[in-house]
Structures are given as structure tokens and as C-alpha cells.
Amino acid sequence: MNIFRLLGDMCHLVAIIILFLKIWRSKSCAGISGKSQVLFALVFTTRYLDLFTSFISVYNTVMKVVFLVLAYATVYLIYLRFRSTYNSESDSFRVEFLLVPVAGLSFLENYAFAPLEILWTFSIYLESVAILPQLFMITKTGEAESITTHYLFFLGLYRALYLANWVWRYHTEGFFDQIAVVSGVVQTIFYCDFFYLYFTKVLRGSGKMTLP
Amino acid sequence: EYNIYDHDEL
């Protein structure tokens with residue numbers, strides 16, 4: 001554990017909590033892509049199956065359980081509890097265009113051709129593109145509430161901190177997880193355009209982020 | 001020594 005990894009995990013947790021509380025308090029999931037949240041729930045489910053097979057640390061186990069619970073609770077709020085506020089017509093990204101290539105790639109490019117390893121690889125590849133329905137939705141409607149942009153900012157910051165964590169681990173432990181690093185770089189690139197808009201529009205102005 | 005199959009990150 002290093003400071004980049006810990007801060008990264010905390011940003012990830014903050015992002016998920018921001019989103020959950022936003023929906024819970026406003027009793028609305030307007031502007032939120034339910035598809036992205038289902039994909040993240042699928043990411044955590046397929047990655048954390050090792051909860052049943054290996055123990056790493058109390059921290060690791062607790063964080064995994066918290067992420068899983070919050071991911072499913074968010075999906076529950078969007079699709080069941082506050083379903084009437086869900087903008088399904090704007091959330092029109094075709095997730096099969098992500099799931100099929102990601103599933104195919106995880107069979108082709110993995111560390112070991114074993115069920116748990118393939119599912120872990122699938123979760124890594126899927127996480128790198130899971131935010132696309134949300135970014136697509138913002139591009140389509142041309143705006144996002146500032147709280148939604150704070151959620152995306154912390155999610156992007158988590159990714160950027162994980163890159164720093166890998167640089168650190170490479171130099172201190174000789175750690176290099178090729179699949180995670182390549183996917184992580186791809187994922188972080190998706191946030192660059194958003195980061196630019198966040199700093200130039202959201203933090204300087206107030207209220208919603210509108211696209212030019 | 002680090003084992004690639006451990007997946008110790010979240």
C-alpha cells in the first residue's frame with residue numbers, strides 16, 4: 001500500500017458515495033446513466049469473486065464489500081425506487097457494443113485461461129469503458145448537473161492516482177500488471193476531455209456544465 | 001516476490 005493507491009481508493013469511494021447520496025437526497029436520478037451503473041456493478045461482481053477464494057487483507061475485503069453494496073444500491077435506486085425520474089430515452093448507448101468486444105478480448109488476452117482469471121480480466125477491460133454510456137449521455141443532452149460532474153471528477157482522479165500507484169510500485173516492487181496498466185491508461189484518457197471541461201466550466205462558473 | 005495472480009488491488 002502506498003499513498004497514491006490509498007488516495008486513489010478513497011477518491012473512488014468518495015465518487016460512489018457522492019453519486020449515491022445525490023440520488024438518495026434529491027430522490028431523482030435525472031442525468032445519470034443507469035447503464036454505466038449496471039456496468040460498474042458487473043465490474044465489481046466479476047472482479048471480486050476472489051472474496052470467496054483468497055484473503056488479502058481486512059482493508060481489501062471491507063472495501064470490496066462496500067463497493068459491491070454501494071454499486072447494487074445505486075442500481076436499485078435508479079431502476080426500482082426512483083425509476084420514474086430515470087431518463088431512459090437519453091441513456092441510449094448500446095452496451096452490447098462494449099460487452100461483446102470486452103468479453104471476446106478477455107478470452108483472448110489474459111494471464112491464465114481459468115474461469116476466475118477470465119472474469120477478472122473481463123472486469124478490468126469492462127471498467128475501462130464502463131463510464132462511456134454516462135459520457136455519451138452528457139454529450140447527447142449537452143449538459144450535466146455540477147454534482148454529476150463532481151462524481152466524474154473523483155472517478156477520473158481515482159484513475160489518475162492509480163497510474164501514479166503503478167509507477168511507484170514498478171520502481172519499488174518491480175510490480176507490472178500489464179493488463180491493468182494498459183486498461184488503466186485507456187480509461188484515464190477517456191476522462192481527459194471531461195477534466196478540461198470540468199476545470200474551465202464547472203469550477204469557474206456555477207451550476208450546470210454545458211457543452212460548447 | 002509479487003505474484004501476478006494475486007490481484008491485490010481494487
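So that the names make sense, note that chain A is the first sequence line, chain B the second, and so on, each numbered from 1.
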* Asked: Just wondering, are more than 12 heavy atoms of other shown residues or ligands nearer than 6.0 Å to OH in Y59(A)?
  -> yes
* Reported CD1-to-NE2 distance for the pair I179(A) and H7(B), which is rounded to 0.5 angstrom -> 8.0 Å
* Taking atom NZ of K27(A) as the centre, report whether more than 12 heavy atoms of other residues, nucleotides or ligands fall under 6.0 Å from it. => no
* **Atom group of D50(A) that falls short of 4.5 Å from chain B, counting heavy atoms** => side chain
* More than 12 heavy atoms of other groups within 6.0 Å of Y170(A) OH -> no
* **Non-hydrogen atoms of Y162(A) and L10(B) that approach each other most closely** => OH-N, 3.4 Å
* To do: Look at R5(A) together with D8(B) and state whether they make a salt bridge at an N to O cut-off of under 4.0 Å.
  => no
* Got a salt bridge between E9(B) and R47(A), using NZ or NE/NH1/NH2 to carboxylate O under 4.0 Å? -> no
* Taking atom CZ of F52(A) as the centre, does the number of heavy atoms from other residues, nucleotides or ligands within less than 6.0 Å exceed 12? -> no
